[in-house]
Protein chains: 2
Amino acid sequence: MIKVAAKETTKKTGKIREKSEYNILQAAQAEFIIQGYKGASVQSIADRAQLPKANVLYYFKNKENIYHAILQLTLDMWDQGIGDIKLEDGPQMAIEKIIAAKVKMSFKNPNASKIYALEIIQGAQHLKDFARTYLRKWVREKAKVFQHWIDNGEMADVNPVNLIFLIWSSTQHYADFETQILTIMNRADYEEEDIEQVTEFLTDIILRGCKLKQ
Amino acid sequence: MIKVAAKETTKKTGKIREKSEYNILQAAQAEFIIQGYKGASVQSIADRAQLPKANVLYYFKNKENIYHAILQLTLDMWDQGIGDIKLEDGPQMAIEKIIAAKVKMSFKNPNASKIYALEIIQGAQHLKDFARTYLRKWVREKAKVFQHWIDNGEMADVNPVNLIFLIWSSTQHYADFETQILTIMNRADYEEEDIEQVTEFLTDIILRGCKLKQ
DNA sequence: ATGTTTGTTGACTGTTTGGTCAATTATTAT
DNA sequence: ATAATAATTGACCAAACAGTCAACAAACAT
C-alpha cells in the first residue's frame, strides 16, 4: 500500500535499513488505520511486520516517529499524485484532469487517503501546520484560477471553494468509505474498471454542473 | 452534541441515571473522536465528565458498552434525520430534500457524523451488521426509485448508486472534515448561513447534473 | 421510622503499554 | 584478519490501562 517516493531521510540508508523501514511502515500503516494512533501498539506493529518489538524501535526510535514517517509519505504522495491545474487548460480540461487524478489516487492507494482522513477527523493533531499553511494556500490558489474562468465567462458562476470541496469529497469517498461501498455493492474488492466508471460519472455530472447556462 | 432520542434502555431510567448517562456519553463522544476507540481511556472519559472512573463504570459496565450506546444514538439520529424519498416527489424535489436534510445533519451534528466516519474508515468493526444489512437495503431501495425516474424520462441517465454516493460524500464532508474546512476558510466555527449556502450550492450543481439533456 | 434500592468512590489487581539496555551476532571497510 | 559499525533481541521497568469490590451515603418506598 505504501509507495515510497524518492527517500531523503537524514539517516544513511543501507540496504537492510531501507527494506526494514519499508516493511515496518507497511505494517504500521495498516495497524494505525485499524486501531488509530493511540490504539496501535508497537508490539502489534512488530507482530504484523514479523519482527521483535525492540527491532522496530531500533529503526524508529518511538511510536510517534513511525507515525510521522507515514504521514510524510502520505503527504508526499498526495503532493505528487494530484495534478496541477493550469490557466491555459481551461475549466473543462482542468476539472477532468483533477477528478481523474484524485479518483486514481483513491482507488490505487486507499490506505493513504484513510490515514489522512482519520487525521483530519480527529482534529489534525499531528498535521496542524500542514492544514494551516500548505493546504489553505493550495485551495486559495486553485480557487483563484476557477474564479478567473468564471469572470471570463468560461464556466458557470459557482463558488470555487465549494467546487473544490465537492471534487475533493466525492473522489476521496471511494477510498475512505471503501468498506461501506464494497459492502453496499456486495463486492470483495475494487476492480480496474471501477476507476474509469467512477471517473466518468463524476466528471460528467460535475462538468454539467459547471457548464454555462444558455 | 449528542441528542438523546426517546430512550428505551432495558434498565429503569431514574432521573439521576438519565442525567449521568447523558453526561458520560457527551464526554465519551468527544473522547472517542479525538483518541479513537482503543485510544480513549475510561479515566479520560471520567475526567471529561468530571466523575470518578468507578462511577462511569457503574452506569456503563465497560468501555465497549459506552461506545455501543454512542453508536446506537448515532444510528438513531441518522435514521431519523435523513428524509425519505418518495416516488411522487419526483427527482428534483427528492434530491432537494435529501441534500437539505444531510447538510443540516452535518452542520448541526458533526460529531455524530465523525463517529460514524471513523467507524467505517477503520473497517466498521463494531458496525458490520448495520452496514451489511440495513445500509445496503437503504441504498438499493433509493437507487431503485432513481432508476424508475430515469426509465420514465424524468431525469438524466446517471448511475443511481454513484449519485447516492455523491450526495452522501459531498454533504458528509462538511461534518467530517470540519477542521480542515474551517482552517481553509480561516474561520473558528460554522455559522447558520453556511447551511443555506452549502445546501444551495450542492443542490444547484447536482440538480443540473441530473437534468435531462436537450 | 425503617428497610430497600440506587448512587458514590478510594483502593486494589492483573495486564498491557512505550521505551531502555546490555549482550550478542552480522556486515562492512581496511 | 581485524576493527568498527550496523542489526538483532530477550529481559526488564515504570506508567497507564480496564475492570472489580467493598464500604458507605442518598434517595425512595412503605
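Below, read A as the first sequence line, B as the second, and so on, with proteins coming before strands; counting in each chain starts at 1.
Proximity of R17(A) to the phosphate of dA6(D): no side-chain N or O atom is located under 4.0 Å from OP1 or OP2. Between dT16(C) and S41(A), no contact under 4.0 Å exists linking OP1 or OP2 to a side-chain N or O.
A side-chain donor-acceptor contact under 3.5 Å links D47(A) and Q43(A). Residues E96(A) and T203(A) have side chains that never bring a donor and an acceptor to within less than 3.5 angstrom of each other. When only modelled atom types and interatomic distance are considered, Y67(B) and Q72(B) share no side-chain donor-acceptor pair under 3.5 Å.
Both cation-pi conditions hold for K63(B) and Y37(B): the charged atom is under 6.0 angstrom from the six-membered ring centre and inside a 45 degree cone around its axis. Judged by the 6.0 Å distance and 45° axis criteria, K102(B) is not positioned over the aromatic ring of Y174(B).
Rounded to the nearest 0.5 Å, atoms CD1 (I33(B)) and CG (N111(B)) are 3.5 Å apart.
Looking at residues two or more places apart in sequence or on another chain, you find a side chain to side chain contact (heavy atoms under 4.5 Å, CB included) between D84(B) and K142(B).
Taking all atoms of both residues into account, the shortest heavy-atom contact from Y116(B) to F177(A) is CE2-CE2, 4.2 Å.
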What N/O pairs connect the protein and nucleotides 8-12 of chain C at under 3.5 Å? Give each pair on its own line.
unit_1, atom_1, unit_2, atom_2, d
dT8(C), OP2, N55(B), OD1, 3.3
dT8(C), OP2, N55(B), ND2, 3.4
dT8(C), OP2, Y59(B), OH, 2.8

Can you pull every protein N or O that's under 3.5 Å from an N or O on nucleotides 13-15 of chain C?
none

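Looking at heavy-atom distances under 4.0 Å, A46(A) makes no contact with the nucleic acid at all.
With dT20(C), dA18(D), dA7(D) as the candidates, the nucleotide lying closest to the side chain of V42(B) is dA18(D).
For the pair E21(A) CD and dT8(D) P, the interatomic distance rounds to 11 Å; values are reported in whole Å.
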